[in-house]
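Take a look at the structure set out below.
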Amino acid sequence: MKVRPKDLLDKLAAKGFKADLEEFIDAELAAVITKVTNFDAEFITLDLAMRRKAEGRTAELAPRSPVVTIMGHVDHGKTTLLDAIRSSNLVDKESGGITQHIGAYRVAAKNHTITFIDTPGHEAFTQLRARGAKATDIVILVVAADDGVMPQTKEAIDHAKAANVPIIVAINKIDKPDANVDRVKQQLSKENILVEDWGGKTISVEVSAKEKKNVGDLLEMILLLSDILEIKANPKVPAQGVVLEARLDSQKGPVATVIIQQGTLMQGQAFVSGLSMGKVRAMFDEHGKVIKSAGPSMPVEIMGFSEVPVAGDFFQVMDDPTAAKHVVAFRRSRVKGKESPRDSGATLDEMFKKIEGGQAKELALVLKADVQGSIEVLSDVVLPLSTDKVKIKIIHAATGGVSEADVLLASASKAIVIGYNVKPNPKIIGLAKKEGVEIRTYKIIYQLTDDIKKAVIGLLDPIIKETFQGRADVRKVFQIPKTGTIAGCYVQDGRITRNAEARVLRGREVVHQGRISSLKHLKENVTEVKKDYECGIGIGGFGDFQPGDTIEAFIREKVKAV
């Protein structure tokens with residue numbers, strides 16, 4: 001800026017701001033500095049600044065290994081395929097408690113290497129993306145030739161598409177007698193995945209993981225696609241990457257698996273990662289071997305963290321350990337204060353404000369319903385509600401209750417979760433609140449469509465807010481003369497109050513919803529029963545309680561739309 005430090009401090013003092021040359025400053029003071037020095041400023045995170053720096057030096061960019069995640073339906077052979085790729089018995093080693101497992105590993109193929117992220121499924125994939133971490137270059141979608149496209153297959157497709165990551169389809173189990181490859185390709189086409197030999201652009205490979213058939217062809221296709229994508233990194237900048245998983249090791253202390261995305265990490269370097277910092281005391285590869293350096297696309301287990309980081313945290317080498325301390329101290333102050341580093345999710349109210357301001361171009365929805373027929377009807381009625389100002393996009397639609405994966409997908413995609421004839425449990429409601437995701441539930445389709453219409457045109461009525469009160473398990477059922485059927489319950493969570501609204505759950509199915517008409521503790525009528533106490537509950541108009549049912553109590557209130 002060509003401004004002497006003393007002159008700058010004098011100018012700030014004149015504006016009523018006291019600053020020290022050795023301290024980090026917040027955005028407010030930075031804005032004042034740019035104003036008094038007649039500069040324009042763009043505020044970006046350290047992680048983004050370093051990524052831009054690495055990518056900006058185009059002459060230093062060099063090809064790097066692709067990072068691949070394998071996804072698909074349960075029992076379609078993901079682990080067996082990983083086993084075939086590694087040419088080692090992964091399942092036996094895992095059950096035997098292999099200590100060198102670091103959540104990712106490299107495979108040699110035709111003088112190149114490919115890095116595979118060994119995740120438990122698309123939940124982990126989306127959790128990383130929800131925190132802004134793009135750790136995967138290519139997704140391998142495993143579909144069993146004898147089973148075809150299943151619910152988790154569709155979910156994996158939606159997650160990969162939402163992350164804008166290219167897909168290679170591995171049609172597995174072609175050795176089975178009832179394998180039907182053409183049927184799989186037809187089912188995939190209905191999910192807008194058109195494979196190359198059907199005139200599409202998606203690469204597909206027919207494999208048998210069990211017999212290790214065509215596994216080499218799959219690796220070849222991964223390398224071919226990575227060449228087309230021109231996956232590159234800068235090996236010469238300070239190393240940066242993303243935390244895949246982390247834990248507290250009884251012997252090593254806090255350790256984390258990091259995939260290096262840019263630069264080369266060396267032993268002894270200082271780093272920051274989220275709210276943690278440290279110095280690389282030791283690095284290990286996927287075989288537990290000590291290594292001195294790690295370049296782009298390489299997964300490494302790192303010792304030396306001050307505390308256990310969080311999966312999805314960015315990892316950044318700092319030249320100055322003192323600067324690293326300042327960065328972490330500043331981040332912690334932000335978390336403790338009112339400002340949170342996490343972006344808020346989307347709500348219908350906020351969406352309208354953005355539409356009015358000309359910012360929003362898309363309203364993303366995650367649809368969950370009780371039956372497949374409802375999903376098809378909802379898709380048919382919701383999509384035509386798009387207008388010139390905003391396009392409605394369904395990023396995932398499936399039957400069943402609202403799951404953790406749905407909330408994480410909505411968080412990562414700034415989407416709203418719509419539930420039709422399904423209710424989220426308290427754990428999911430808590431996760432949605434933490435992730436800033438709005439979940440709206442409906443029993444009548446026109447109310448759902450009306451809310452979306454009103455959000456789009458700005459006529460949102462007051463919404464009915466549902467607040468969870470308590471949950472009780474039905475232990476016994478009693479028939480009381482003149483009173484009716486009473487459920488003998490144990491309060492597991494929160495509190496149950498008389499006259500509260502309640503729903504009776506049998507497994508995940510809501511069998512009845514009504515108002516609590518009778519509440520007793522021992523033989524006394526009471527207005528409230530708290531957690532860890534027994535009680536008798538009667539619900540008006542309902543007598544079909546069964547032992548094992550769950551009663552959830554809640555209150556509804558109208559909340560004015562802002």
Side-chain angles (χ1 to χ4, degrees), residues 65-96 98 100-110 112-125 136-157 159-160 165-188 191 193 195-198 202-226 286-287 299:
S65 304
V67 180
V68 178
T69 299
I70 295 183
M71 295 163 70
H73 191 74
V74 65
D75 292 334
H76 276 201
K78 298 192 296 291
T79 304
T80 315
L81 182 59
L82 285 166
D83 179 26
I85 288 169
R86 293 174 80 174
S87 298
S88 62
N89 202 323
L90 181 67
V91 178
D92 287 353
K93 283 188 179 179
E94 283 189 342
S95 61
I98 181 168
Q100 286 84 11
H101 173 76
I102 68 167
Y105 55 88
R106 291 169 298 158
V107 167
K110 292 207 166 184
H112 293 80
T113 56
I114 300 169
T115 299
F116 285 89
I117 297 179
D118 181 10
T119 67
H122 45 255
E123 290 89 349
F125 172 84
T136 303
D137 299 310
I138 297 167
V139 162
I140 303 295
L141 179 70
V142 179
V143 190
D146 62 334
D147 209 8
V149 172
M150 300 297 282
Q152 278 182 291
T153 316
K154 295 177 183 179
E155 223 168 274
I157 291 168
H159 284 245
V165 176
I167 294 171
I168 293 177
V169 178
I171 302 174
N172 192 23
K173 302 188 181 182
I174 57 169
D175 55 292
K176 288 282 190 81
D178 51 347
N180 189 335
V181 172
D182 284 336
R183 185 189 64 178
V184 171
K185 292 177 180 178
Q186 184 183 11
Q187 291 172 338
L188 286 169
E191 303 301 321
I193 300 288
V195 298
E196 286 180 331
D197 53 349
W198 277 44
T202 303
I203 297 170
S204 71
V205 184
E206 297 167 22
V207 300
S208 169
K210 189 177 178 183
E211 296 181 357
K212 297 185 180 178
K213 186 178 179 182
N214 297 339
V215 172
D217 293 347
L218 178 62
L219 297 179
E220 226 175 283
M221 288 300 110
I222 294 171
L223 294 175
L224 176 66
L225 183 56
S226 66
E286 63 267 39
H287 306 296

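Heads up: numbering here begins at 1 and tracks the sequence. Everything quoted here is computed from the prediction, not taken from an experiment.
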Heavy-atom closest pair, residues K78 and H73: NZ-O, 3.4 Å

Rounded to the nearest 0.5 Å, how far apart are CG of N214 and CG of L218? 9.0 Å

Kindly check if the number of other-residue, nucleotide or ligand heavy atoms within 6.0 Å of CG (D75) is above 12? no

Flag the pair Y105 / H287 as yes when at least one side-chain heavy-atom distance between them is below 4.5 Å, and no otherwise. no

Got a second to check how far D182's CG is from W198's CH2, nearest 0.5 Å? 6.0 Å

Would you mind reporting whether H112 and S65 have side-chain heavy atoms less than 4.5 Å apart? no

Residues T113 and P66: closest non-hydrogen pair is O-CD, 3.7 Å

Between D147 and K173, is the closest basic N to carboxylate O distance under 4.0 Å? no

Any donor and acceptor pair, going by atom type alone, linking the side chain of N172 with main-chain N or O of V142 inside 3.5 Å? no

Evaluate the criterion side-chain contact (heavy atoms from CB on, under 4.5 Å) for residue pair V165 and T69; output intermediate values, then yes/no. CA-CA 10 Å; V165 176; T69 299; over 6 Å; no

Here the gap from H76 atom NE2 to T153 atom OG1, rounded to the nearest 0.5 Å, amounts to 5.0 Å

With the side chain counted from C-beta on, respond yes when L224 and M221 share a heavy-atom pair under 4.5 Å apart, and no when they do not. yes

Please find the pair of heavy atoms, one from G72 and one from Q152, that lie closest to each other, and give the distance. O-CB, 4.2 Å

Check P166 against L225 and note the closest heavy-atom contact, atom names and distance. CB-CD2, 4.1 Å

Over all heavy atoms of both residues, which pair between Q187 and V149 is shortest? Give the atoms and the distance, please. OE1-N, 2.7 Å

To the nearest 0.5 Å, atom CD1 of I157 lies from atom CD1 of I167 at 6.0 Å

Would a 4.5 Å heavy-atom cut-off, applied to side chains only, mark S204 and K185 as touching? yes

Does any N or O in the side chain of D137 come within less than 3.5 Å of the main-chain N or O of V67, such that one atom is a donor and the other an acceptor? yes

Taking side chain to side chain contact (heavy atoms under 4.5 Å, CB included) as the criterion, tell me which of I168, L188, T202, I171 meets it with L141. L188

Which heavy atom in K212 sits nearest to a heavy atom in A84, and how many Å separate them? CG-CB, 3.9 Å

Given side chains that start at C-beta, do those of D175 and K213 come closer than 4.5 Å, heavy atoms only? no

Rounded to the nearest 0.5 Å, what's the gap from OG1 on T80 to CD1 on I85? Could you check? 11.0 Å

